[in-house]
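Hydrogens, waters and symmetry mates are skipped; everything else that's a heavy atom, side chains included, is used.
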2 protein chains.
Amino acid sequence: MATMHDVARLARVSVSTVSYVLTGARPISQATRDKVLAAMATLDYQPNAMARGLASRRSRIVGLLMPMDERGLGATETAFVTGAAAAASAAGYHLILSPVGDLDDLRRLASQRMLDGAVLMEVQVEDERVGALQEAGVPLVLIGRTGDTTGLSYVDIDFDQTVREAVAHLVDLGHRRIVYVNHSAAAITAGYGPAVRTRDAFVAAMSGHGLEPVMIPAEDSAAGGRAALTAALAQAPDLTAVLVMNENAIFGILGGLTDRGLAVPRDVSVVSMVTSTQVAELATPALTAMTSPGSALGRIAVEALLRHVTGTGDDNHQQLLPCALEVRGSTGPAARMVAVSAGDRDDPTGSGPPGS
Amino acid sequence: MATMHDVARLARVSVSTVSYVLTGARPISQATRDKVLAAMATLDYQPNAMARGLASRRSRIVGLLMPMDERGLGATETAFVTGAAAAASAAGYHLILSPVGDLDDLRRLASQRMLDGAVLMEVQVEDERVGALQEAGVPLVLIGRTGDTTGLSYVDIDFDQTVREAVAHLVDLGHRRIVYVNHSAAAITAGYGPAVRTRDAFVAAMSGHGLEPVMIPAEDSAAGGRAALTAALAQAPDLTAVLVMNENAIFGILGGLTDRGLAVPRDVSVVSMVTSTQVAELATPALTAMTSPGSALGRIAVEALLRHVTGTGDDNHQQLLPCALEVRGSTGPAARMVAVSAGDRDDPTGSGPPGS
DNA sequence: ACGGTTAGTCGAAACGCTTCGACAACCGCG
DNA sequence: CGCGGTTGTCGAAGCGTTTCGACTAACCGT
């Protein structure tokens, strides 16, 4: 546990000089710098994070605030985390993942000056955490968006573009009767961003193709997926494709299809939205999916945050990233419908290649 | 940003008195305490974590070191985390989840005195992180076990007990030909604890019932599961039950069974080991599973760690927790075999209730 | 040769807390 | 009544950095 003092003595310079070598806050001659670095090396010196934090009023810690419910982190969320961690580490910052459920806990973290800034995951449309942190004067970047984003920095998935691509993929395959299985009705009325935005995007995309948009909400569980499938078949018996925005429900949907003797993708094509490769390949057949740019999202969020913190650059970073279409085994040409609406392949457009 | 000084002045006491009120390190009269608390309240005082850490040489931060691979955190691992976070928060500590992949990064965290202690997840049999942290003098508790656990504190799943219960459940249902699908061969030869321990436990449990243990390794993917099923059927065509220790492979196995026209649980029963409720219910039918005591594991680990850190109590906490059997739809009486070995139900024992 | 920069270094004062030694006031006990 | 022992409080000395002002020595253009 060598201190700066020890280094200074060994290098025969003053403590402040050692500090300047470390921080680069003032110019230091090459000769001195070398002496100091050598001393550090021989003493195996590591700066004390607490002392540094106290003196500089900067903890060099940024928090990634994730509500951890019992459901666990999907591979998607994990990708946020790894991306964020890599970006922080590269900048010499520590990333602490705080599973704050408790708002007070969060407030404590913030006002104890332990966090230089924070990235918020799973942002709700009305998110009290945003206010709490702003009040505490903690720089903030969101992954996701609140309802009113004025003055806020965020990175989010470009749901509009993503849904458009997914629909285009199905339409290209000849599907006309496409059902969208969303999150729960409760989530939608609560204004949960991804649910609302994809709904709107779906309606827009389908309308753009001259098709009728059918949306079914589903609870986040296999059972919810089964129920949704039943509802979907009731509402659109002639459906040939399902677009699913619900990683849990999708397994129920697949199970339900099998039970009904409907094969994927022969009878029904399935596309999963905002899904990780890992999950997509769990299913049989592997799911055609829109893969979320998870780690990029995390990285970009932290980079933007650090720019806030250090005062470098824009205080207002707002960016959307699309998911990439990855075609696997769960989508194929529309078949069931051929008998019903043979010869109506009249829309060969709309299959723009994935942006980036 | 009121400081202790401000509080002291407002309460007309000395700074040290305020500190004692906060830490309880020395007795303070009720009258004084009240004055101080009142002052804190009116000033909305929050102690500065850095200053406190510097002066006391204790950061009040413990790390939960989790290797975050691209696979993401299962619900099981997430339960560790939430359990640990709750325990830490209850003790007034912060839990920082560090996705350290990098050993150097870990070493840095440790020697910068930023961590009072650490809980290691996903411990390998030979885990260099253990040595690195011990060297840095950071108190340590493992979730999982290294090969040599002398002098180490750990909490782990009681694989022996868990496998015994799972096997007993199947045997009770009349199954005689049970195949165990483990992690990959590579994981086993690498000595990955859960893989090795469950293998041994399985052999012991089957032998105890006078049955032949058949084990098949499987890659951690749906495809790996399919391959394993093929191998299993080749090696034991008359199998009536599969015990699976591989959350990813199990979906492949289920798919493979369906493809072969084998129904679960009519033809083949399936038990998933060390699985979370969430995942178990994703499958159709929902999986009978040994549910891991995830959040308890996390909680106990942190509690033990904090005892190390504060010097209270045993420096050497070693504890095993069993998984609980949760019967769902994927297991049923042995049927296929009835024709082959009718009337050999000779072992009605071994179905002890979960030890909890 | 001269004031004015600038590069390089130092000493000392923070930063906001904990903790130690000291001390006064009070306790019960012989 | 005097004694050791608590109890409650205070002041001051750190904890290991950063950062500011000051100082020296070289360097600039003139």
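- Electrostatic pairing of B/R145 and B/D156 counts as a salt bridge here, judged by a charged N lying under 4.0 Å from a carboxylate O.
- Axis angle across the helix from C/dA1-D/dT30 to C/dG30-D/dC1, with five pairs used at each end and values rounded to 10°: 20°.
- Between the side chain of B/Y20 and the base of C/dC20 there is at least one donor-acceptor pair of N/O atoms closer than 3.5 Å.
- Within 3.5 Å, no donor on the side chain of A/S14 pairs with an acceptor on the base of C/dG11, nor the reverse.
- Comparing C/dT9, D/dT7, C/dG16 by their nearest atom to the side chain of A/T32 picks out C/dT9.
- Rounded to a whole Å, the CG atom of B/L54 is 12 Å from the C1' atom of D/dT18.
- Residue B/Y45 is the one, among B/R26 and B/Y45, whose nearest nucleotide of DNA chain C lies closer to the 5' end (criterion: closest heavy atom).
- Between A/N316 and A/S153, the side chains place no donor N or O within less than 3.5 Å of an acceptor N or O (distance only, hydrogens not considered).
- Distances from the side chain of A/N48 to the nucleotides C/dT19, D/dT17, D/dC15 place D/dT17 closest.
- No side-chain N or O of B/T146 forms a donor-acceptor pair with one of B/D127 less than 3.5 Å apart.
- Rounded to an integer number of Å, the gap from CZ of B/R57 to C1' of C/dT19 is 9 Å.
- The closest side-chain donor-acceptor pair between A/S16 and A/S19, if any, does not fall under 3.5 angstrom.
- Across A/G144 and A/V123, no two heavy atoms sit closer than the pair C-CB, 4.3 Å.
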